[in-house]
Protein chains: 2
Amino acid sequence: MKTQSCTNPSLARQAILAHSFAGAEPQMGSVQNFVQDREIFAQGAAAEYFYKVVSGVVRTCKFLVDGRRQIDAFHVAGDIFGLEPGAERPLSAEAVCDCTVIAYRKNRLDGMAVHDKNLSWELLSFAMSGMEQAREHSFLLGRRSAVEKVAGFLLAWAEKSQRDSMISLAMSRQDIADYLGLTIETVSRTLSQLERDNVIDLPSVRQIHVLNLELLEDLAA
Amino acid sequence: MKTQSCTNPSLARQAILAHSFAGAEPQMGSVQNFVQDREIFAQGAAAEYFYKVVSGVVRTCKFLVDGRRQIDAFHVAGDIFGLEPGAERPLSAEAVCDCTVIAYRKNRLDGMAVHDKNLSWELLSFAMSGMEQAREHSFLLGRRSAVEKVAGFLLAWAEKSQRDSMISLAMSRQDIADYLGLTIETVSRTLSQLERDNVIDLPSVRQIHVLNLELLEDLAA
DNA sequence: CGGGATTTTGATTCCAATCAAGTCCGGTGG
DNA sequence: CCACCGGACTTGATTGGAATCAAAATCCCG
């Protein structure tokens, strides 16, 4: 599995913010490419840059001592990631599939934000929406059954990546499992069960066709 | 259980931000008191105000259709809550114990932030740290055992509320359970187990004495 | 001292993890 | 073109940990 299709026509939630960086001064940031599974930055490293996804999908995650991995979020085209308070990375970022990002220096931001009130407003709304997304992730992880988690994930990803009934997953089952706090087997079983129940169809491993959206939404509780 | 002691000498993480609201123009906000379990605002309501905790503890939470409750966060003196993007409350806020808060109009903020760049900077750092805390909550909820969750919670609460080895809980077992995605029985059992293992001592229901901090930290993984 | 809520403890059940084979690809080389 | 290979995914059998169901103990307050 090297060349996984990774189309993300994505109308990212944070595109508004991204806009001002990308549009106004393209020379401000440097374009970088990463092949699948390449690390973009590591947990614990110095946080000099933040990034905007141009194409592809990026995961931010944390590794525990015992080898467990928890995925914090998936970022698609237009999303900003790697912008946190603190000089040290609280989590790593990796390319889920081949992808292109733009890196911006964090330290430039401080100065700019002070002068440009529009920018600082956008920054604030970025942070707010980041807060909101982290919150929603928490709710997915709370006392919910495997079905609720998987259904919730599918709906969230469908919204994030596109809006028709054909969902194309950029990430592996393991990624999904690590995002939902489940095992790969449970994710697989749950998807199979949803297919058996005619909620979804799985024409190929990474393609999901939603047959019964209403039911899927009910299952997400 | 009406009058639960709720002392929070708390050097809240976000006190810096709170400062500018509280200090400079106290007349800006209105002081409000809430008795234990009183709702401060409801999920779905219009979000006109945001709040700063003066004393006591506030919980923000979400209610699911089937009656399950998930607690998003506990807020102590100095913390800001109820400041989210969107005009509608994504979650409710309730008084964990009798408490005092200051309410500020959200709409004034926009104008103010534009003029006062210092304020907008503080707002940003509030949002950032909110993002960070939501993320950490996610990590507590991910694939972790009951012991890891409870130990993690104790450490986080100890840091939030005070820093010596005697932790005083403001919240009920049910609150803790709903925060950690566990049942009240499991929380209780886990605490008992920690006591049996001489990691903590439970002189009273809401008082926890940490006997072996290192071990507790290990258990939190 | 009594009564109700909260918490603890115990017994059992159930869901998801673990352990263990299989199956399905996509890619490679004969 | 086909056999083979290896990784990702699926499926099956069993185990384990937390939920559930149920009851006792404790605390708080009148």
Side-chain angles (χ1 to χ4, degrees), chain A residues 1-6 36-37 64 66-70 96-97 140-151 153 169-196 200-208 219 221, chain B residues 1-6 35-37 64 66-70 96-98 140-151 153 168-197 200-208 219 221:
Chain A
M1 200 264 295
K2 278 285 176 45
T3 50
Q4 183 63 34
S5 79
C6 208
Q36 191 175 58
D37 292 323
L64 282 72
D66 60 359
R68 277 177 297 183
R69 181 184 69 161
Q70 280 191 249
V96 169
C97 53
L140 253 193
L141 293 174
R143 214 140 88 54
R144 300 176 104 79
S145 69
V147 195
E148 290 173 330
K149 287 179 178 179
V150 171
F153 168 75
L169 299 176
M171 69 291 288
S172 69
R173 296 288 188 267
Q174 187 64 63
D175 284 335
I176 299 175
D178 290 344
Y179 181 73
L180 295 176
L182 297 172
T183 58
I184 183 176
E185 293 96 328
T186 299
V187 171
S188 181
R189 259 186 261 277
T190 305
L191 287 171
S192 301
Q193 187 59 51
L194 289 175
E195 187 174 32
R196 246 173 274 124
I200 59 173
D201 184 38
L202 293 163
S204 81
V205 182
R206 305 257 180 138
Q207 292 285 105
I208 296 184
L219 289 173
Chain B
M1 197 266 295
K2 276 284 176 46
T3 50
Q4 183 62 37
S5 80
C6 208
V35 298
Q36 192 177 59
D37 292 325
L64 282 74
D66 59 0
R68 277 177 299 184
R69 182 183 69 161
Q70 278 192 250
V96 169
C97 55
D98 294 358
L140 252 193
L141 293 174
R143 213 139 89 55
R144 299 177 107 78
S145 69
V147 195
E148 291 173 331
K149 287 179 178 179
V150 171
F153 169 75
S168 78
L169 299 175
M171 70 292 288
S172 68
R173 297 287 189 268
Q174 186 64 62
D175 284 335
I176 299 175
D178 290 344
Y179 181 74
L180 295 176
L182 297 171
T183 58
I184 183 176
E185 292 98 327
T186 300
V187 171
S188 181
R189 260 186 261 275
T190 304
L191 286 172
S192 302
Q193 187 60 51
L194 289 175
E195 187 175 33
R196 247 173 273 126
D197 296 346
I200 59 173
D201 184 37
L202 293 162
S204 81
V205 181
R206 305 253 181 142
Q207 292 286 105
I208 296 182
L219 288 173

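Just so you know, these numbers come straight off a predicted model, no measurement behind them. Every chain is numbered from 1, with letters handed out A, B, ... down the list of sequences.
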Original post:
Between Gln193(A) and Gly181(B), which is nearer to the 5' end of DNA chain D once each is assigned its nearest nucleotide?
Top reply: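 With Gly181(B) and Gln193(A) compared, the 5'-side residue is Gln193(A).
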Subject >> Residue met sooner reading DNA chain D from 5', once Ser204(B) and Leu191(A) are mapped to nucleotides >> reply: Leu191(A)
Take the protein atom [atom1] of [X] and the nucleotide atom [atom2] of [N], then report the distance between them rounded to whole Å.
X         : N       : atom1 : atom2 : answer
Arg143(A) : dA19(D) : CZ    : C1'   : 7 Å
Leu202(A) : dC24(C) : CG    : C1'   : 14 Å
Glu185(B) : dT8(C)  : CD    : C1'   : 10 Å
Leu180(B) : dA19(D) : CG    : C1'   : 15 Å
Leu182(A) : dT18(C) : CG    : C1'   : 14 Å
Ile184(B) : dA22(D) : CD1   : P     : 17 Å
Asp178(A) : dC9(D)  : CG    : C1'   : 15 Å
Ile200(A) : dT10(D) : CD1   : C1'   : 14 Å

Subject >> Selected nucleotide, minimal atom distance to Thr183(A) side chain, candidates dC19(C), dA17(C), dT20(D) >> reply: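 When the side chain of Thr183(A) is considered, dA17(C) is the closest of dC19(C), dA17(C), dT20(D).
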**OP:** Would you indicate which nucleotide in dA18(D), dT18(C), dC9(D) comes nearest to any side-chain atom of Arg206(A)?
**Re:** dC9(D)
Original post:
Which sits closer to the 5' end of DNA chain C, Arg144(A) or Val205(A), going by the nucleotide each is nearest to?
Top reply: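 The 5'-side residue here is Arg144(A).
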**OP:** Report yes if some heavy atom in the side chain of Ile176(B) is under 4.5 Å from a heavy atom in the side chain of Leu169(B); otherwise report no.
**Re:**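 Yes, their side chains come closer than 4.5 Å.
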Original post:
Are Leu219(B) and Leu194(B) close enough that some pair of their side-chain heavy atoms sits under 4.5 Å apart?
Top reply: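 The answer is yes; the side chains approach within 4.5 Å.
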OP1, OP2 of [N] versus side-chain N and O of [X]: anything below 4.0 Å?
X         : N       : answer
Ser172(B) : dT6(C)  : no
Ser188(A) : dC9(D)  : no
Thr186(A) : dA17(C) : yes
Ser192(B) : dT9(C)  : yes
Arg68(A)  : dA17(C) : no

Original post:
With no angle test and no hydrogens, is the base of dG10(C) tied to the side chain of Arg189(B) by a donor-acceptor pair under 3.5 Å?
Top reply: yes
Original post:
Would you say the base of dT9(C) and the side-chain of Arg173(B) have a donor-acceptor pair closer than 3.5 Å?
Top reply: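 Checked by distance alone, the answer is no.
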**OP:** Might you work through the side-chain hydrogen bond (donor to acceptor under 3.5 Å, both in side chains) test for Arg144(B) and Gln70(A), ending with a clear yes or no?
**Re:** CA-CA 10 Å; Arg144(B) 299 177 107 78; Gln70(A) 280 191 249; 3.0 Å; yes
Original post:
Taking the side chain from Ser192(A) and the backbone from Ser188(A), do they hold a donor-acceptor pair closer than 3.5 Å?
Top reply: yes
Original post:
Would you say the side-chain atoms of Arg143(A) pair up with the backbone N or O of Arg68(B), donor to acceptor, closer than 3.5 Å?
Top reply: no
